[in-house]
Amino acid sequence: MQRTARKYHKWLMLFIGAQFVIWSVSGAYMVFFDIDYIHGDSLVINHQDTINVENIHYSVKELREQYPDATNVSVGKFIDKEVYSFASQGVVHLVDASNGQLLSPLKQATAIKAAQYYYSGDGSVQDVELFTDNPPFELSPRALPAWRINFDDFGSPSIYVSAQTGKLVGKRHEFWRLFDWMFRFHVMDYDDGENIENLLLFCAALLGLAAAIFGLVLTYFRVFKAKKVTDSTSPTELEGSA
């Protein structure tokens, strides 16, 4: 039994041992960092904006006359101005509620201004990029089109602003990006990390469990069984063997 356990434990650990190390390292990384920090919550300011109706000079009636197919009309705040948000022909639009000016899609300068409004750090803008398709892995395709504004600051933070709504749609930094890779390695989904019930993970976990069981059997023989043999050896036998 001991020989069999040693044999299977050795070969299973040769096969699955590297993944054990990956599980340990990636798990430690995910536990070590506060999840709110990883989510980038400290990168942005949670503005509690209030709407000043005195700044609204462009009425809803005028909006509907100009955009007769507008649906889901709402009033909100975009940086320092009151705005209308509405859907038309499957696209969300943003209109300045003070004069009816169409703000969307946002121009680069406006996107930078919005990112600086959301960003809590002191870093300067490093570069800007507009994504209309093929977004990076850290941005959901549902958020397109979107501007990415990178800041020159600790952790290389990026602020994503929707080009249509002006809303904050993403906040990332290097620790989040590394966390994302750690999660993929941990769940063994090297595509997008969303399939945590994949067959590869199931097989690796099964083999890991088998290796652990054989390891427990070896522990029993090496620790408890060996102790019994030592205890049962008489002093006479010990003297004879000396």
Side-chain angles (χ1 to χ4, degrees), residues 25-51 72 74-87 91-94 96 103-187 189-196:
V25 173
S26 58
Y29 182 88
M30 290 188 288
V31 170
F32 180 76
F33 284 95
D34 181 78
I35 193 64
D36 292 330
Y37 176 76
I38 290 297
H39 285 165
D41 293 346
S42 59
L43 292 178
V44 297
I45 301 172
N46 184 21
H47 293 283
Q48 301 295 323
D49 297 322
T50 57
I51 297 172
N72 299 325
S74 63
V75 181
K77 196 90 176 218
F78 175 60
I79 311 177
D80 58 351
K81 60 181 64 176
E82 281 69 20
V83 294
Y84 288 113
S85 174
F86 63 92
V91 179
V92 177
H93 298 279
L94 202 65
D96 190 332
L103 301 175
S104 60
L106 300 187
K107 295 180 180 177
Q108 178 173 310
T110 307
I112 292 175
K113 189 177 180 180
Q116 291 172 326
Y117 176 72
Y118 296 127
Y119 183 51
S120 63
D122 299 323
S124 58
V125 174
Q126 189 173 49
D127 54 70
V128 183
E129 188 173 2
L130 174 64
F131 293 97
T132 57
D133 55 13
N134 299 320
F137 73 94
E138 61 192 41
L139 180 67
S140 170
R142 295 189 297 272
L144 295 179
W147 289 94
R148 178 172 68 184
I149 297 89
N150 296 322
F151 288 88
D152 184 14
D153 208 346
F154 177 73
S156 303
S158 301
I159 300 296
Y160 287 91
V161 178
S162 169
Q164 288 301 132
T165 67
K167 293 183 177 179
L168 175 72
V169 292
K171 46 192 185 310
R172 305 287 184 249
H173 49 46
E174 293 296 351
F175 297 97
W176 183 97
R177 296 173 182 118
L178 183 56
F179 186 97
D180 188 68
W181 278 109
M182 288 291 181
F183 185 77
R184 295 181 190 195
F185 288 136
H186 202 77
V187 301
D189 178 9
Y190 309 109
D191 184 16
D192 54 14
E194 294 185 358
N195 185 10
I196 61 174

Can you confirm whether more than 12 heavy atoms, excluding those of D122, are under 6.0 Å from its CG atom? no
Closest heavy-atom pair and its distance - S104, Q164: CB-O, 3.2 Å
How about F137: does its CZ atom have over 12 heavy atoms from other parts shown lying under 6.0 Å from it? yes
Rounded at 0.5 Å granularity, tell me how far CZ in R177 sits from CE in M182. 15.0 Å
Just so I know, are the side chains of Q48 and N46 near enough to count as touching, which here means a heavy-atom distance under 4.5 Å? yes
Hey, what's the ring geometry for Y160 with F131, parallel, tilted or perpendicular (30° and 60° as the breaks)? tilted
Side-chain heavy atoms of Y119 within contact of D153, under 4.5 Å: yes
Tell me, with the steps shown, if F175 and F154 meet ring-ring contact (aromatic ring centres under 6.0 Å, His included). CA-CA 10 Å; F175 297 97; F154 177 73; 5.6 Å; yes
Locate the shortest heavy-atom distance separating A163 from L130; write the atom from each residue and the value. CB-CD1, 4.3 Å
Any chance you could lay out the side chain to side chain contact (heavy atoms under 4.5 Å, CB included) test for K113 and I79, step after step, and finish with the verdict? CA-CA 8 Å; K113 189 177 180 180; I79 311 177; 3.9 Å; yes
Quick one: does any side-chain atom of S120 pair with a main-chain N or O of L43 as donor and acceptor, under 3.5 Å? yes
Could you tell me whether the side chain of H47 and the main chain of Y117 form a donor-acceptor pair under 3.5 Å? yes
Parallel, tilted or perpendicular, as decided by the 30° and 60° cut-offs, for the rings of F33 and Y37: parallel
L103 versus K81: any side-chain heavy-atom pair under 4.5 Å? yes
Under 3.5 Å: donor-acceptor pair, side chain of W147, backbone of A115: no
Straight-line distance of E174 CD to L178 CG, nearest 0.5 Å: 8.5 Å
Is there a side-chain contact between V92 and S85 in this structure, where contact means two heavy atoms from C-beta onward sitting under 4.5 Å apart? yes
Would you compute the distance between atom OG of S162 and atom CZ of R142 and round it to the nearest 0.5 angstrom? 13.5 Å
Minimum-distance pair of heavy atoms, taken over all atoms of L144 and N134: CD1-N, 4.4 Å
Say you draw a straight line from CG of D34 to NE2 of H39; how long is it, rounded to the nearest 0.5 Å? 9.5 Å
Side chains of L106 and F78 in contact at under 4.5 Å (non-hydrogen atoms): yes
Do you know the tightest heavy-atom contact between V44 and I159? CG1-CD1, 3.9 Å
Measure across G40 and K171 and return the closest heavy-atom pair with its distance rounded to 0.1 Å. O-CD, 3.3 Å
Ignoring hydrogens, what is the shortest heavy-atom contact between N150 and D127? Give both atom names and the distance. ND2-OD1, 2.6 Å
Taking the side chain as every heavy atom from C-beta outward, state whether V125 and F151 have any pair of such atoms under 4.5 Å apart. yes
Is any side-chain heavy atom of V25 less than 4.5 Å from a side-chain heavy atom of F185? no
Hey, is NZ on K167 packed in by over 12 heavy atoms from elsewhere, all under 6.0 Å? no
Tell me, do Y84 and H93 make a side-chain contact under 4.5 Å, heavy atoms counted? no
Side chains of R184 and Y190: is there a donor and an acceptor less than 3.5 Å apart? no
